[in-house]
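Predicted model only: the values in this text are computed from it and were never measured. All values below come from the heavy atoms of this structure, side chains included, with hydrogens, waters and symmetry mates left out.
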Amino acid sequence: MEPIRVLLADDQALLRAGFAMMLSVEDEIEVVGQAANGLEAVEFAAAHPVDIILMDVQMPVLDGIRATEQVVQAGTAKVIILTTFERDDYLFDALRAGASGFLLKNSDPDDLVAAVHAVAGGNALLAPEMTVRVIERFARQLHAEAAGSPGKPAGTPRADNPAGNPSAPTVVPSGGTLPGTLAGTLAGTIPGPPAPPSGTAEQRKLLASLTAREREVLVNVAAGRSNAEIAAGMFVAEATVKTHVSNLLGKIQVRDRVQAVVFAYESGLILPGDKPAAG
């Protein structure tokens with residue numbers, strides 16, 4: 001079995017060395033390179049086989065958000081964003097850029113290893129306390145856009161707040177469930193439904209490509225339900241749900257369930273404040 005190839009991207013050499021040391025003891029993980037800025041990360045991933053990039057946000061030359069967007073668009077690697085607690089201003093942008101997960105910089109070594117394995121296995125990774133903050137920001141942005149207000153523009157990532165609050169990340173399996181707080185935040189914590197966002201023409205086209213069953217499954221995924229819960233509500237086998245999920249991810253051109261949730265809200269399939277019924 002080939003090891004998971006990891007690239008470390010952070011402008012602080014000491015942090016890179018620390019992550020490299022924690023990962024080097026794992027037989028199934030190989031640190032194949034290090035980058036001191038986003039441009040180096042993009043170029044390295046384009047020139048060498050890389051499975052996962054641990055990406056800092058605030059780096060010189062090219063920041064981690066823009067680097068993530070370029071890496072994801074090129075399809076050269078999956079990205080885990082390295083962050084600190086209470087810094088949600090750039091997590092929203094990272095989610096939309098295509099990051100597969102977020103990891104606190106002060107995470108335990110076991111959490112770091114688990115994160116790499118989770119994302120390499122096709123899962124999404126979310127620290128519970130960050131999930132609420134990111135999705136709240138996302139939903140508020142949709143409110144502003146739907147109301148015709150530009151909202152708060154995504155700015156250049158600011159300096160990290162060193163105050164940390166370590167918490168084990170929550171894995172969102174390809175056949176599993178999103179954290180309950182994610183569905184709760186999207187479903188009811190932001191008052192006053194706006195005019196329905198229509199999504200872009202491309203999003204509407206992708207949404208129209210789904211069958212009625214696939215749309216139903218996507219609504220359930222966005223509500224935070226597991227494959228088993230969706231199967232029970234739809235009175236079908238779990239394997240059938242897995243097939244629907246795989247098909248719809250391909251049709252709407254996203255990699256995982258987290259990105260599918262983003263698509264569901266951006267496209268207007270679900271509005272912030274909606275409470276999708278089971279099944």
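Counting only heavy atoms from C-beta outward, the side chains of M55 and L82 never approach each other to under 4.5 Å. When side chains are defined from C-beta on, L7 does not count as touching I52, because their heavy atoms never get closer than 4.5 Å. Residues F19 and V31 are not in side-chain contact: their nearest non-hydrogen atoms beyond the backbone lie 4.5 Å or more apart.
Rounded to the nearest 0.5 Å, atoms CG (L39) and CG (L62) are 6.0 Å apart. Atom CG of residue L54 and atom CD of residue Q34 lie 11.0 Å apart, to the nearest 0.5 angstrom. The CD atom of Q203 sits 11.0 Å away from atom CD of Q253, with the distance rounded to the nearest 0.5 Å. The distance from atom CD of E229 to atom CG of N220, rounded to the nearest 0.5 Å, is 9.0 Å. To the nearest 0.5 angstrom, L8 atom CG is 10.0 Å from F44 atom CZ. Of the inter-residue distances, the one linking M59 atom CE with Q12 atom CD reads 11.0 Å to the nearest 0.5 angstrom.
Applying the side chain to side chain contact (heavy atoms under 4.5 Å, CB included) test between L248 and each of L207, L206, L210 identifies L210 as the sole match. Between L112 and the options L23, L104, I80, a side chain to side chain contact (heavy atoms under 4.5 Å, CB included) holds for only L23.
Side-chain N or O atoms of K78 include none that pairs as donor or acceptor with a backbone N or O of S100 at under 3.5 Å. Side chain of T68 to backbone of G64: a donor-acceptor contact under 3.5 angstrom is found. Checking side-chain atoms of D63 against main-chain N and O of R66 turns up a donor-acceptor pair under 3.5 Å. A side-chain donor-acceptor contact under 3.5 Å links T243 to the backbone of A239. Remark: the backbone N or O of F263 is paired with a side-chain donor or acceptor of S267 at under 3.5 angstrom.
Shown here for A77 and V71, the closest heavy-atom pair between the two residues is O-CG1, 3.5 Å. Minimum heavy-atom separation, V25 to M22: CG2-O, 3.3 Å. Between I53 and A45, the shortest heavy-atom distance links the atoms CD1-CB, 4.1 Å. Taking every heavy atom of both residues into account, A9 and A41 meet most closely at CB-CB, 3.9 Å.
The cluster map of Ile, Leu, Val, Met, Phe, Trp and Tyr, joined by side-chain heavy atoms under 4.5 Å apart, puts V217 and L249 in the same cluster. V245 is connected to L269 through a chain of hydrophobic side-chain contacts under 4.5 Å among Ile, Leu, Val, Met, Phe, Trp and Tyr, so both are in one cluster. Both V241 and I252 sit in one connected hydrophobic cluster of ILVMFWY residues. Membership requires side-chain heavy atoms under 4.5 Å apart, directly or through other members. No single ILVMFWY cluster, assembled from side-chain heavy atoms under 4.5 Å apart, contains both V32 and L15. Linking ILVMFWY residues whenever their side-chain heavy atoms come closer than 4.5 Å, directly or via other members, places I81 and V50 in the same cluster.
Contacts classified as salt bridge (charged side-chain N to carboxylate O under 4.0 Å, His left out) and involving residues 35-53 (residues at least two apart or in different chains) are given here: R5-D51. The salt bridge (charged side-chain N to carboxylate O under 4.0 Å, His left out) contacts involving residues 7-26 comprise D10-K105, where partners must be two or more places apart or lie in separate chains.
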Is there a side chain to side chain contact (heavy atoms under 4.5 Å, CB included) between H117 and I29 once you walk through the steps?
CA-CA 9 Å; H117 280 287; I29 297 175; 4.0 Å; yes
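In E2, the CD atom is not crowded: 12 or fewer heavy atoms of neighbouring residues, nucleotides or ligands sit closer than 6.0 Å.
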